[in-house]
Every structure is written in structure tokens, then in C-alpha cells.
2 protein chains.
Amino acid sequence: MTFNVRPHRQPSGGSARDLVYARLREQILSLELPPGAALSEQESALAFQVSRTPVRESFLRLAQEGLVQVLPQRGTFVSLIDAELVEEARFMREQLEAAVVRLACEKFPPEALKALDDNLLEQKTSMKREDERELFGLDEAFHRVLFEGCGKRNTWQVIQQMNAHLNRSRLLRLVTAHEWDHLYEQHERMARAIRERDADEAERTMREHLRRGISDMEQLRQSYPQYFKQGE
Amino acid sequence: MTFNVRPHRQPSGGSARDLVYARLREQILSLELPPGAALSEQESALAFQVSRTPVRESFLRLAQEGLVQVLPQRGTFVSLIDAELVEEARFMREQLEAAVVRLACEKFPPEALKALDDNLLEQKTSMKREDERELFGLDEAFHRVLFEGCGKRNTWQVIQQMNAHLNRSRLLRLVTAHEWDHLYEQHERMARAIRERDADEAERTMREHLRRGISDMEQLRQSYPQYFKQGE
DNA sequence: ACTACCACACTTGTATGGTAGTATGGAAGT
DNA sequence: ACTTCCATACTACCATACAAGTGTGGTAGT
């Protein structure tokens with residue numbers, strides 16, 4: 001098995017449904033379609049130049065992921081950000097990643113470890129170029145390699161779904177350069193812990209790593225209270 | 001907030017789509033529709049006396065949950081059991097439940113604790129009546145109360161989805177009376193650990209609790225190799 | 001001014017016809 | 001006997017028409 005260090009691009013089917021779904025998802029996660037915004041099968045169908053059927057099927061899929069809410073005979077709306085749901089997504093991710101990084105300390109393929117090292121190098125150069133988009137992708141790739149190295153590919157998929165809700169509350173991924181320094185250092189510590197099979201250190205670092213940015217949500221909530229569920 | 005001790009019935013919308021979805025899901029999980037079986041929009045539509053649209057939408061939802069596989073222009077098939085996926089589902093559940101039961105040892109509403117006790121009583125009477133179906137529901141309710149007591153309702157929902165894959169490999173939930181004794185004893189130990197705030201004991205018991213029945217899959221795999229993915 | 005009512009313009013849910021791609025079995029050619 | 005090709009009967013995908021429920025604004029009646 002090989003481990004791709006580069007950011008991952010999922011094989012989005014060329015069907016109209018998948019295209020509409022992917023585009024809508026982007027717009028929702030980037031807040032281009034803000035929480036609470038009304039969608040319409042007809043309107044989206046016109047915009048994408050397809051019929052209602054693929055649009056409708058996209059809506060259903062988004063609804064299942066909790067990104068939109070379909071109210072029969074009333075309308076479809078971008079879901080308000082549910083603080084409880086976001087916190088639980090973070091909670092779940094923390095537990096799963098903590099367990100996986102422990103696993104990695106017990107048994108981790110050398111190729112995967114090499115992939116982590118390569119990834120760290122790329123992170124360093126991207127930091128110098130201040131390419132935040134690339135950094136975001138590399139961060140994601142780092143964690144993905146961790147899961148794939150432990151044979152937990154499906155678990156990673158589940159986490160990816162949860163990330164949808166996390167990302168939407170993370171101020172559009174805008175992290176300061178200083179933050180990236182900190183994140184990079186944590187990544188390095190984790191890679192070292194895995195190499196030295198120090199499970200406790202690895203788990204501690206991972207939990208700390210994933211607890212950052214909780215305040216982002218509170219900040220977003222204060223700036224845009226109308227984006228959030230249940231006012232208080 | 002109140003905690004319902006009884007098995008939980010989800011508010012399945014009365015729409016044709018939801019009905020078809022629920023029925024198909026049952027049939028798949030009970031192996032009435034065996035892994036590998038071919039489905040057809042037309043055929044199912046006839047069987048359920050609805051048009052192809054709600055059937056098709058059910059298929060898409062089942063596909064997203066990984067219970068069926070849609071091959072464009074070829075057909076829709078009940079997914080083969082993916083041993084790797086099943087094991088990962090068990091893994092995820094173990095991590096999440098372990099973390100939650102630790103949480104419960106720190107902070108757990110008295111009403112929820114009472115609900116656990118009531119549930120244990122009902123389990124006892126159901127065991128005497130050898131009502132396995134009821135026992136299964138009560139087991140599920142026990143764990144649900146644990147999550148709700150910790151304010152992790154959404155996490156429980158995620159676990160429920162994973163259970164779909166777990167259950168299909170668990171020989172139709174048929175557990176011997178002796179097994180139920182063991183499970184009951186573990187439930188009791190967890191409730192006691194929560195009351196006494198013994199997080200280590202609670203976590204240990206939970207992990208043990210969730211590691212049971214791994215051999216079920218191997219057994220099913222030997223009896224029905226054609227139900228499993230990748231032949232070896 | 002106020003209320004009750006109703007037509008109408010929306011919404012999603014469901015039914016159905018047409019399109020294009022795929023598998024298959026039988027016929028024709030070697 | 002074996003291979004090649006093609007008609008045919010499927011499949012899911014998409015477009016479109018109709019049904020049924022909901023919100024709203026205007027209007028008639030008080």
C-alpha cells in the first residue's frame with residue numbers, strides 16, 4: 001500500500017447529481033450560502049441548468065448530513081449552526097484520533113512514517129510561502145496518513161463528515177501565521193512520539209491539538225448570532 | 001429533561017420514501033435481503049405500490065449509509081459485508097462509549113442514573129421471561145441513556161448508524177441466555193462504577209462489554225462466504 | 001379599523017416518459 | 001466448435017407533469 005502525502009481529491013462522479021451536490025456543499029461550508037438561507041429546488045435547478053430531480057437528490061443527501069433542513073411543502077433551508085452538534089463533532093474526533101495515534105505508537109508502517117516526515121517538510125515550505133490553502137490541505141493529509149497507516153480508512157471518512165460541521169464554525173479556516181507555527185510543532189511532536197512509541201505523549205499532544213480553536217465558535221456566534229440555533 | 005427507559009421508536013415520517021426506506025433497511029439488516037442481492041427500482045416500486053421516485057430516493061439513502069451499492073446503468077445491489085468496515089465500526093463505538101462512560105463518572109444527572117437502575121430492573125424481568133427482543137431493546141436503551149445523560153445525543157445517533165453494519169454481522173442478534181447473564185452483569189457493574197465515580201473501572205468494563213461477539217463475524221463468514229467482500 | 005376568508009403563488013412529494021449505457025443470448029460467419 | 005456481432009431487454013439517470021400542503025396578501029363583510 002502507498003501513502004499519498006498530497007492533499008486528497010475524492011473521485012466525484014461526473015453525474016449531474018454529484019456536481020450539484022459538491023457545489024452546494026462548498027457554498028454552504030464557505031458560508032457563501034449562510035445558515036438560514038432558503039433554497040429552492042426550482043431555483044437551484046435553473047441556476048445549475050438541470051432539472052429538479054438531481055437538485056432534489058442533492059438536497060436529500062445534504063439533509064442527511066445535517067447541512068440543510070427540508071420542511072415538506074414549506075421549503076429547504078441551510079441548517080443553522082448547532083453549537084451542541086459542533087461540540088459533539090469535536091468530541092468524537094478527539095476520541096477517535098486519540099485512539100488512532102495510540103495505535104500508531106504500537107504499530108505503524110515505515111512507509112507511512114516516511115509519508116508523515118515528507119508531509120512535515122512540505123508544511124515547512126508552505127509556511128514560508130504563507131500558502132494557507134496548501135497548509136490546510138497538508139494538515140488534513142497528515143491526519144489522513146495517520147488513519148490509513150493504522151488501517152482505519154473508514155474511520156477517517158466518518159471524521160471527514162463531521163468536519164463539515166466543524167469547519168463551518170471555524171471562521172473560514174483563516175488561521176494566523178502564529179497559529180500555524182503552533183500546529184506544525186504539534187504535528188512534529190506527534191510524529192516523534194510515534195517513532196519513539198511514546199503513546200502517552202502522542203495522545204496528550206493529539207488531544208491538545210484538537211482542542212484548539214474552540215473559541216472560534218464563540219467569536220462567530222457573537223458576530224453572527226442569526227447563524228446559530230436557539231438564540232441564547 | 002426526562003429519560004425514557006423504554007426502547008426508542010424514531011418518528012419515521014409517514015412519507016412514501018421513509019416507509020420504503022425503513023422497510024428495505026429492515027430487510028437488509030435481517031438478511032432477508034442477503035448481501036449481493038439485486039434490487040430494482042421498478043420491482044420495488046411494484047412491490048410497495050408506489051412510483052419509482054420514492055424507491056429511488058430510498059436507494060440513494062441506503063447507498064449513502066453503505067447498505068447498498070448503486071452501479072449506474074447496471075443495477076443496485078445489497079452491499080457485501082465488509083469485514084474491515086465492521087471492525088472499524090466496532091472500534092469507533094468502543095472509543096466513543098469508553099469516553100462517554102468516563103464522562104458519566106464525572107458528571108451524571110441523578111434522573112439518568114435512576115433511569116439506568118429502572119432499566120436494569122426491566123432487564124431482569126425480561127430475562128426471566130426470556131423475551132430476547134425486549135432485552136435487545138433494553139440493552140440499546142441502556143446505552144442511549146448513558147449518552148443522553150452526558151449530553152451526547154448526536155454522538156449516539158452516529159453510533160446507531162454504525163450499528164447497522166455491526167448488527168448485520170451478528171447472526172441476527174440471537175444471543176444465548178447465558179450471554180445475556182454476562183451482559184447484564186456488565187451493565188450492572190457500569191452503573192455501579194458511575195455511582196461510585198470509578199472512571200477506570202467503568203471504562204474497562206465498557207471496553208470489555210463492546211468487545212464481545214467478535215467471533216460472530218468469523219462464524220458467519222465461514223457459513224456464508226458469499227456474503228463477504230473480497231473472497232479470501 | 002378590524003376580522004374572516006379565500007384565491008394564488010409558492011413549496012416539496014409523487015408519478016411517469018424518455019435517454020443512454022450495460023449485460024446477455026442468439027444468430028451469423030469463420 | 002468457436003468467435004464476432006448485434007438485437008433486445010434490462011438498468012439507473014434525468015426531465016417533466018401533476019398532486020397536495022403552506023404562507024401571504026388582498027378583499028369583502030362587519
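Both backbone and side-chain heavy atoms feed into the values below; hydrogens, waters and symmetry mates do not. Chain A is the first sequence line, chain B the second, and so forth, proteins listed ahead of strands; every chain is numbered from 1.
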- Message: I'd like to know if the side chain of B:E148 and the backbone of B:R153 have a donor-acceptor N/O pair within less than 3.5 Å.
- Response: no
Could you tell me the separation between the [atom1] atom of [X] and the [atom2] atom of [N], rounded to a whole number of Å?
X: A:Q42; N: D:dT22; atom1: CD; atom2: P; answer: 21 Å
X: A:R56; N: D:dA17; atom1: CZ; atom2: P; answer: 17 Å
X: B:R52; N: D:dC10; atom1: CZ; atom2: C1'; answer: 13 Å

- Task: Using side-chain hydrogen bond (donor to acceptor under 3.5 Å, both in side chains) as the criterion, list what pairs up with A:E94, not counting sequence neighbours.
- Result: A:R90, A:R207, A:R211
- Note on the structure: chain A vs DNA chain C, heavy-atom contacts under 4.0 Å, first-to-last nucleotide span, 5' to 3', is C:dT11 to C:dT14
- Count the heavy atoms belonging to other residues, nucleotides or ligands that lie under 6.0 Å from CD of B:Q64, then report whether that count exceeds 12. yes
- Task: Name all pairs fulfilling the side chain to side chain donor-acceptor pair (under 3.5 Å) condition that reach into residues 45-58 of chain A, sequence neighbours left out, sorted by first residue then second.
- Result: A:R17-A:E57, A:E41-A:R52, A:E41-A:R56, A:R56-B:E57, A:E57-B:R56
- Message: What contact category does A:R17 fall into here, base, sugar-phosphate, or nothing, at under 4.0 angstrom with non-hydrogen atoms?
- Response: sugar-phosphate
- Message: Just to be sure I understand the rule, does B:L39 reach a base, reach only the sugar-phosphate, or reach nothing, if contact means heavy atoms closer than 4.0 Å?
- Response: sugar-phosphate
- Find which nucleotide of DNA chain D each of B:E41 and A:V50 is nearest to by heavy atoms, and output the residue with the more 5' nucleotide. B:E41
- Message: Taking ring pair (Phe, Tyr, Trp, His ring centres under 6.0 Å) as the definition, give me every residue that meets it alongside A:F147, ordered by chain and number, with sequence neighbours left out.
- Response: A:W156
- Query: Sequence neighbours excluded, which residues qualify as ring pair (Phe, Tyr, Trp, His ring centres under 6.0 Å) partners of B:H165?
  - Reply: none
- Note on the structure: Paired to D:dA1 by Watson-Crick or G-U wobble criteria (both distances under 3.5 Å) is C:dT30
- Task: Could you list by number each residue of residues 65-80 of chain B showing a heavy-atom separation from DNA chain C of less than 4.0 Å, or answer none if no residue does?
- Result: B:Q73, B:R74
- Should A:E111 and A:K114 count as an ion pair when the cut-off is N to O under 4.0 Å? no
- Between A:R212 and A:E179, is there a salt bridge with N-O shorter than 4.0 Å? no
